[in-house]
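Since we're looking at a predicted model, the values are computed, not measured. Just so we're on the same page: letters track the sequence lines, and every chain starts at 1.
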There are 2 protein chains.
Amino acid sequence: MNDDYKACLREHGLKSTKARNGVLDILSRETSVVTVETVYAALLEQGCKVNFSTVYRILEMFTERKLTEKIFLPDEGKYGFSLRRPGHTHRLICLQCHKVVDLAHCPLSDYEKEVAQKTQFDIVGHNLELYGYCPECKKGR
Amino acid sequence: MNDDYKACLREHGLKSTKARNGVLDILSRETSVVTVETVYAALLEQGCKVNFSTVYRILEMFTERKLTEKIFLPDEGKYGFSLRRPGHTHRLICLQCHKVVDLAHCPLSDYEKEVAQKTQFDIVGHNLELYGYCPECKKGR
DNA sequence: TTAAATGCAAAGTCTTTGCACGCTA
DNA sequence: TAGCGTGCAAAGACTTTGCATTTAA
């Protein structure tokens, strides 16, 4: 398992270190978008002594290397990160527990074309996130 | 025109002041999403001496009272504001000049229903912003 | 060995807040 | 006049950076 992380890091042109393996480990057992703070806390909890700024640097680097995705969480006013799973397009995020469901189908490409034509913009991308409450969290509401 | 602002503010339960009128004036002649800094600079430029924190407070208050909309600008890493125009749903934002085009048609309601059914989430909303370059800005690229 | 990663502390950016004073209704 | 709005200065939250030290390859 540790080897997997090593290989994964290597593929992305990154050295394997205790901290990076730890971050990878945490993200991979996580179905939520997690904040830097959460990752940091989880690292400490599993005995990996790291610095806050290291976690920032790792997550930033991972994002740059397309290993993770950086998402602004409007309800928190800060960024969250999650492993980038191939083939995903958009996300459904639980407002309570931050669980994330990847939505494979993107309904927007036709829409983008239509808008591009109407507005004469060059459209280079979009943000789409759905928000709601997951089956567990919606029970308690 | 000044009276319009006054009436508009009143409708939203707000006193008319020099600063608020100024902000309203700037936003109404603006087709872009503007940052607090931009609003602040514009106010000074038109001779309205205000404090930065006042601009923050005004924009926050306007947003609370549904007069404006607060949007996170991913490329800037901070918030922008724009007048809330009735009937809009989503926005197309120019990455260079921040011009905004409101998109009346929201293509997502069916999609939301479909996702809700598949995932059993209660979906309460979504974020959709399109990004690109407007006709003027795309020329110089 | 050597370049890259990390720890630490400090600074940076955007935003918010407390309090006294000023202005609108 | 009474209460809301504003200026000012300070603090707060999140994030980034510089530099010395440690570590992986």
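Environment of CD in Q46(B): crowded, with over 12 heavy atoms of neighbouring residues, nucleotides or ligands closer than 6.0 Å. In this structure, R10(B) places its CZ atom where only 12 or fewer heavy-atom neighbours from other residues, nucleotides or ligands lie under 6.0 Å away.
Between the OH atom of Y40(B) and the C1' atom of dC8(D) there is a distance of 11 Å, rounded to whole Å. Atom-to-atom, CZ of R65(B) to P of dC4(D) comes out at 11 Å; the value is rounded to the nearest Å. One atom, NE2 of H12(A), and another, P of dA4(C), lie 19 Å apart when rounded to the nearest Å. Distance, L9(B) CG to dC4(D) P: 16 Å, rounded to whole Å. For D75(B) and dT13(C), the CG to P distance is 18 Å, given to the nearest whole Å. A straight line from CZ of F52(A) to C1' of dA11(C) spans 17 Å, rounded to a whole angstrom. dT15(C) atom P lies 9 Å from atom CD of E60(B), rounded to whole Å. If you measure from atom CE of M61(B) to atom C1' of dT15(C), you get 16 Å, rounded to the nearest angstrom.
In this structure, K70(B) and R10(B) both approach DNA chain C, and ranking their closest nucleotides by distance from the 5' end singles out K70(B).
Ring geometry, Y40(B) versus F52(B): the interplanar angle falls from 30° to 60°, so the pair is classed tilted.
Listed by chain and residue number, R91(B) satisfy the side chain to side chain donor-acceptor pair (under 3.5 Å) test with S82(B) (two or more places apart in sequence, or in another chain). Residues satisfying the side chain to side chain contact (heavy atoms under 4.5 Å, CB included) criterion with K78(A), sequence neighbours excluded, are T35(A), E37(A), E76(A). Under the side chain to side chain donor-acceptor pair (under 3.5 Å) criterion, K113(B) pairs with no residue at all, not counting sequence neighbours.
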Identify the pairs formed between an N or O of the protein and an N or O of nucleotides 21-24 of chain D at a distance under 3.5 Å, and give each distance.
{"unit_1": "dA24(D)", "atom_1": "O3'", "unit_2": "S16(A)", "atom_2": "O", "d": "3.2"}

Pull out every protein N or O sitting under 3.5 Å from an N or O of nucleotides 12-14 of chain D, one pair per line with the distance.
{"unit_1": "dC14(D)", "atom_1": "OP1", "unit_2": "K78(A)", "atom_2": "NZ", "d": "3.0"}

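Here dG18(D) is the nucleotide among dG18(C), dG18(D), dG5(D) with the atom lying nearest to any side-chain atom of R57(A). The side chain of S53(B) has dG7(D) as its nearest neighbour among dC19(D), dA9(C), dG7(D). If you check dT16(D), dG5(D), dA5(C) against the side chain of L14(B), the one that comes closest is dG5(D).
If one axis is set at each end of the helix from dT1(C)-dA25(D) to dA25(C)-dT1(D) from five pairs, those axes are 40° apart, to 10°.
The closest side-chain heavy-atom distance from L83(A) to L24(A) is below 4.5 Å.
For the OP1/OP2 pair of dT6(C) and a distance below 4.0 Å, the side-chain nitrogens and oxygens of N51(A) include no atom meeting the criterion.
In the model, Y5(B) has a side-chain atom that pairs as donor or acceptor with a side-chain atom of S28(B) under 3.5 Å. H126(A) and E112(A) share a donor-acceptor pair across their side chains, judged by distance under 3.5 Å alone.
Cation-pi geometry between K70(A) and F81(A) is not met at under 6.0 angstrom from the ring centre and within 45 degrees of the axis.
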